Amino acid sequence: MPDAVWILGGYQSDFARNWSRAGQGFAELTGEVVRGTLDDAGLAPSDIDVIHVGNAFGQLFTGQGQLGGMPATVEPELWEVPSARHEAACASGGVAALAAMADIESGRYECALVLGLELERTVPGDLAAGHLGAAAWVGHEGQDAKFMWPHMFSALADEYDRRYGLDDAHLRAVAELNFRNARANPNAQTRGWTFTEASFAADDEANPVVEGRLRRTDCSQITDGGAGVVLAGERFLARHPELARGGRLARVLGWGHRTVGLPLAMKLERSRDEPYTLPHVRNAVLDAFSRAGVGGVDDLDGIETHDCFTMSQYAAIDHFGITGPGESWKAIENGDLEIGGRIPVNPSGGLIGGGHPVGATGVRMLLDAALQVTGRAGDYQVEGARRFGTLNIGGSTTTTVSFVVGAE
């Protein structure tokens with residue numbers, strides 16, 4: 001059996017912070033996340049055997065590549081520690097965590113530092129949207145769209161509407177929930193934002209159309225930020241029993257990882273006769289459930305999912321099995337997704353409310369899941385949480401990474 005993987009601690013930067021406006025860049029961001037992560041885990045740099053960095057668009061937004069070398073640049077005690085950057089669009093952080101887990105499970109290394117880092121507020125919004133479009137099949141899809149990703153997820157909404165029927169009011173409800181949850185998260189980008197009822201309505205002034213059927217509050221934010229976790233195996237933990245927090249640590253119980261082709265149209269064509277619109281996403285979730293030994297979504301106490309747009313969360317609801325295919329609206333209307341509901345989704349505020357520094361999102365989800373199951377999530381804690389699921393996607397679900405995290 002592979003070595004168990006434990007989450008010893010972690011850190012998230014304030015996603016409301018504009019690092020470029022402060023005259024700071026990847027060095028300062030990396031330094032803060034490295035120090036915060038190690039401090040929370042109770043470790044020194046010398047305890048780290050390997051580093052994995054999730055980052056999607058460093059060169060496009062800042063001109064800086066080779067971000068695997070940034071931790072040693074800002075923390076001299078990490079000099080000569082093996083390190084690499086991973087890119088899988090918005091799933092870069094999830095893939096970095098998987099690579100760290102593989103190192104631990106194989107026995108190659110015992111303790112890994114996983115970082116997710118992204119700076120996006122270095123350029124105007126229109127240019128930022130253009131940079132993010134590099135995760136689509138460039139030159140083959142979305143050529144006529146001003147904003148690539150709202151266009152793509154509007155197309156997914158259209159496909160749901162064609163197959164099952166879709167009321168846009170349910171998408172607006174997802175947005176309202178996530179912005180509301182974000183108010184309790186001290187690191188959420190939108191925690192201080194103000195909304196009215198019109199902000200979540202088909203109001204062309206208060207909530208204008210961005211692309212297709214998606215409006216302003218259907219969209220996640222352009223965000224700067226980072227997150228980190230320390231992952232370790234059984235041998236490391238056996239040598240450091242003092243790291244167990246009162247006998248309760250978070251453990252990665254299961255994982256799923258699927259990758260398909262770039263174009264959204266190809267995905268939808270291949271699933272034409274399938275019950276699920278994105279069967280590879282469903283399979284990634286089922287892989288995580290199977291490896292975790294859980295029977296289904298009702299064995300979880302909550303979920304942190306990838307709501308880059310309200311439509312991606314709407315799709316996650318049925319692909320997790322909270323409802324049957326195409327019936328996500330039922331969970332929304334029933335209040336199932338609320339903190340205190342049947343299966344709370346994005347108690348942190350998710351990407352829409354919390355912020356979406358692309359390469360950091362998958363790591364931030366893993367951290368939030370660990371905080372929830374160890375009772376450390378503060379004002380957005382789900383009471384009694386012992387198992388949490390995550391779903392991190394890149395592009396139009398080209399890369400899908402899912403975890404189940406539990407308390408042991």
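Note that this is a predicted model, so its numbers are computed, not measured.
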Please determine whether side chain to side chain contact (heavy atoms under 4.5 Å, CB included) holds for the pair I322 and S328, giving the CA-CA distance in whole Å, both sets of side-chain angles, and the decisive distance to 0.1 Å. CA-CA 8 Å; I322 298 173; S328 299; over 6 Å; no
Please tell me if the side chains of [X] and [Y] come closer than 4.5 Å, counting only heavy atoms from C-beta onward.
{"X": "L351", "Y": "Q221", "answer": "no"}
{"X": "P347", "Y": "V382", "answer": "yes"}
{"X": "L67", "Y": "F26", "answer": "yes"}
{"X": "E105", "Y": "V5", "answer": "yes"}
{"X": "W149", "Y": "S396", "answer": "yes"}
{"X": "N55", "Y": "E118", "answer": "yes"}
{"X": "I48", "Y": "Y109", "answer": "no"}
{"X": "H170", "Y": "V174", "answer": "no"}

Donor-acceptor under 3.5 Å ([X] side chain, [Y] main chain):
{"X": "D299", "Y": "V294", "result": "no"}
{"X": "H356", "Y": "S220", "result": "no"}
{"X": "S402", "Y": "A288", "result": "no"}
{"X": "T397", "Y": "I393", "result": "no"}
{"X": "K267", "Y": "L262", "result": "yes"}
{"X": "H86", "Y": "L98", "result": "no"}

Please state whether the rings of [X] and [Y] are parallel, tilted or perpendicular, taking 30° and 60° as the class boundaries.
{"X": "F200", "Y": "F179", "value": "tilted"}
{"X": "W137", "Y": "H140", "value": "parallel"}
{"X": "Y160", "Y": "H319", "value": "tilted"}

Count the heavy atoms of every other residue, nucleotide or ligand shown that sit under 6.0 Å from CD of E234, and state whether that count exceeds 12.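 Buried by this count: over 12 neighbours within 6.0 Å.
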For the CD atom on Q143, are there more than 12 heavy atoms of other groups (residues, nucleotides or ligands in this structure) within a distance under 6.0 Å? yes
Any side-chain donor paired with an acceptor under 3.5 Å for [X] and [Y]?
{"X": "D103", "Y": "H52", "answer": "yes"}
{"X": "Q372", "Y": "Q381", "answer": "yes"}
{"X": "Q313", "Y": "T305", "answer": "no"}
{"X": "D307", "Y": "N178", "answer": "yes"}

CA sep, side-chain torsions, deciding dist, call: L391, T400, side chain to side chain contact (heavy atoms under 4.5 Å, CB included): CA-CA 7 Å; L391 180 63; T400 303; 3.5 Å; yes
Between the side chains of [Y] and [X], is the shortest nitrogen-to-carboxylate-oxygen separation below 4.0 Å, so that they form an ion pair?
{"X": "R239", "Y": "E110", "value": "yes"}
{"X": "D49", "Y": "R108", "value": "no"}
{"X": "R215", "Y": "D204", "value": "yes"}
{"X": "R17", "Y": "E32", "value": "yes"}
{"X": "E338", "Y": "R180", "value": "yes"}
{"X": "R386", "Y": "D301", "value": "no"}
{"X": "K330", "Y": "D318", "value": "no"}
{"X": "R35", "Y": "D39", "value": "no"}

Residues forming a salt bridge (Lys or Arg N to Asp or Glu O under 4.0 Å) with E77, sequence neighbours excluded: none
For a side-chain contact (heavy atoms from CB on, under 4.5 Å) with L366, tell me which candidate from V114, V229, V401 qualifies. V229
Please give me the minimum heavy-atom distance between V405 and I7, naming the atom from each residue.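 It is CG1-CD1, 4.1 Å.
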Test salt bridge (charged side-chain N to carboxylate O under 4.0 Å, His left out) on E274 and R282; report intermediate values, then the result. CA-CA 11 Å; E274 300 281 343; R282 175 65 174 161; over 6 Å; no
Answer yes or no on whether R121 is positioned over the face of W19, meaning its NZ or CZ is under 6.0 Å from the six-membered ring centre and within 45° of the axis.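 No - R121 does not lie over the ring of W19 by the 6.0 Å and 45° rule.
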Verify the ring-centre separation between F236 and H240: is it less than 6.0 angstrom?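 So the answer is yes for these two rings.
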Exactly one of T217, D167, D218 clears side chain to side chain donor-acceptor pair (under 3.5 Å) with R172, and that residue is D218
